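What follows is one structure encoded as structure tokens, with my remarks underneath.
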Number of protein chains: 2
Amino acid sequence: MSLKHAILGFLSFRPATGYDLKKAFDRSVSHFWPANQSQIYRTLAGLTEEGYVTQEIIEREERLDAKIYHITQNGRDELHRWLSTPLPPQPFREPFLIQVYFGGYLSDEELIALLARQIAVIEQTLAVYNQIYAMYQEQIESREDVRAFFLSVSTLEYGIVSNRAALAWLNSLIERVRSGNYAL
Amino acid sequence: MSLKHAILGFLSFRPATGYDLKKAFDRSVSHFWPANQSQIYRTLAGLTEEGYVTQEIIEREERLDAKIYHITQNGRDELHRWLSTPLPPQPFREPFLIQVYFGGYLSDEELIALLARQIAVIEQTLAVYNQIYAMYQEQIESREDVRAFFLSVSTLEYGIVSNRAALAWLNSLIERVRSGNYAL
DNA sequence: CTGTCCATGTAAGGCGTTACATGATTGT
DNA sequence: ACAATCATGTAACGCCTTACATGGACAG
């Protein structure tokens, strides 16, 4: 379960509430690990039981208590252990590719529409990634933790290069469908 | 739920048992849609209820009945409808990138080992994909359904180009970690 | 006679999503 | 007056995985 370790990672930077964590995810790793709110709370409960984090409870009369989570030494050890542990190959599921796989049932028009839509989606994603990347480029000079920062930003690079590859493939596919050149 | 439609896709080629389908998945789309046996059986039950497939029951005394599934016209319609329907953007989860994101906690050695392992895994995958692709290249000339065949094979191309992009990124990352050049 | 193939499923549990529910504070 | 932000959670459901269970046929 990687959500667990991603949460430990964020808590290793600073203590946070579940709400803070949700924002941290959305701001940084959501492009390769979208996290959902209710699950963050459930995972935090689990981490507390396992002794990887502790709760600092802030009572707020009339409302539910606010809870600030702190990582324990145990939690830091577990994080480091996991970071250097090879992960088993991950199953990868891409429904869009199923559509292409059975694309023989679609007309050229339908097929090209399908591909063009996908291109539009990816181009939008890339525009966002590029913008964020540019922002990081400005920031990096003034940072003390250059190495750690660089590594975290490199995951965005991954997003950019893999989306570019997908885009090139889609464009070439449209071209070949249009020209009827079905050579491999 | 795309498994449903992938199954309909295979049944549109020919009737099959759950067992046959499992093999069909493993042989063709497992690189972007690994399917698991128990789920295939459950999904087939659902498809039957929905009227997209029918069961031809072969009784085998002493053993569980064998069931051959046939797609109905309703099922073909549903397949076509789904194939041309835009899919909502898919959440994408890659735990390896979480490891890189928090890679600041690892030493250069640990980090490079992590990246090198990933490179090895991808290179192996690519070797397999390339081999299968070469096999298809030989086959395509003698096929009548060139267009449909071409489209199904193009999903393998996707696997190849996206893995190549990942590989290039990993190599560049190792290089930069080694040289301590943390520029973006 | 051991293992692999064929062929079916059930059970249990984890991960993840969507929807719902509460309530104070701050900004427009 | 209304919406957004802060902050917590529960409930229900669906997808997917892992493990387990059965049993004939056939090949080495």
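Just so it is clear, the model here is predicted, and its values are computed rather than measured. Because only heavy atoms are used, hydrogens play no part in the values below, and waters and symmetry mates are left out as well, while side chains stay in. Each chain gets a letter, A, B and so on, in the order its sequence line appears, and its residues count up from 1.
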Pick out the pairs of N or O atoms, protein on one side and nucleotides 10-14 of chain D on the other, that lie under 3.5 Å.
none

Rounded to whole angstroms, how far apart are CZ on B/Phe25 and P on D/dC16?
11 Å
Answer with yes or no whether the hydrophobic clustering places A/Met135 together with A/Phe149; edges join I, L, V, M, F, W, Y residues whose side-chain heavy atoms lie under 4.5 Å apart.
yes
Would you say B/Leu111 and B/Ile122 are hydrophobically clustered, going by side-chain heavy atoms of ILVMFWY under 4.5 Å?
yes
Of the listed nucleotides C/dC5, C/dT18, D/dC6, the one nearest the side chain of B/Tyr19
C/dC5
If hydrophobic clusters are built by linking Ile, Leu, Val, Met, Phe, Trp and Tyr wherever their side-chain heavy atoms come under 4.5 Å apart, do B/Phe13 and B/Val146 end up in the same one?
yes
When rounded to whole Å, the CH2 to P distance for the pair B/Trp33 and D/dC15 reads 10 Å
Compare side-chain N and O positions of A/Lys67 against OP1 and OP2 of D/dG9 and report whether any pair is under 4.0 Å apart.
yes
Calculate the interatomic distance between B/Ile7 atom CD1 and D/dC16 atom P; express it in whole Å.
11 Å
Sub-6.0 Å ring centroid separation between A/Phe10 and B/Phe102
yes
What are the two closest heavy atoms between A/Ser107 and B/Arg147, and how far apart are they?
C-NH2, 3.4 Å
Terminal axis angle for the helix from C/dC1-D/dG28 to C/dT28-D/dA1, five pairs an end, nearest 10 degrees
30°
Close residues, residues 82-95 of chain B, relative to DNA chain D [heavy-atom separation under 4.0 Å]
none
NZ of A/Lys22 versus P of C/dT18: gap in Å, rounded?
10 Å
Would you call the rings of A/Trp169 and B/Tyr158 parallel, tilted or perpendicular if under 30° counts as parallel and over 60° as perpendicular?
perpendicular
To the nearest Å, how far apart are A/Ile58 CD1 and D/dG9 P?
13 Å
Would the number of heavy atoms belonging to other residues, nucleotides or ligands and lying under 6.0 Å from CD of B/Gln137 be above 12?
yes
Do any side-chain nitrogens or oxygens of B/Thr17 fall under 4.0 Å of OP1 or OP2 in C/dT8?
yes
Mind checking whether B/Leu173 and A/Phe150 have side chains closer than 4.5 Å, heavy atoms only?
yes
Check the phosphate of D/dC16 against B/Gln39, side-chain N and O only, distance under 4.0 Å to OP1 or OP2. Yes or no?
yes
Once you round it to whole Å, what is the distance between C1' of C/dA7 and CD1 of B/Ile40?
12 Å
A/Tyr52 and A/Tyr69 aromatic centres sub-6.0 Å:
no
Just how far, in rounded Å, is P of D/dC16 from NZ of B/Lys4?
12 Å
Residues A/Asp26, A/Lys22: salt bridge by 4.0 Å N-O rule:
yes
Is the closest basic N to carboxylate O distance between A/Glu78 and A/Lys4 below 4.0 Å?
no
Taken to the nearest whole Å, CG/A/Asn36 to P/C/dT17 is 5 Å
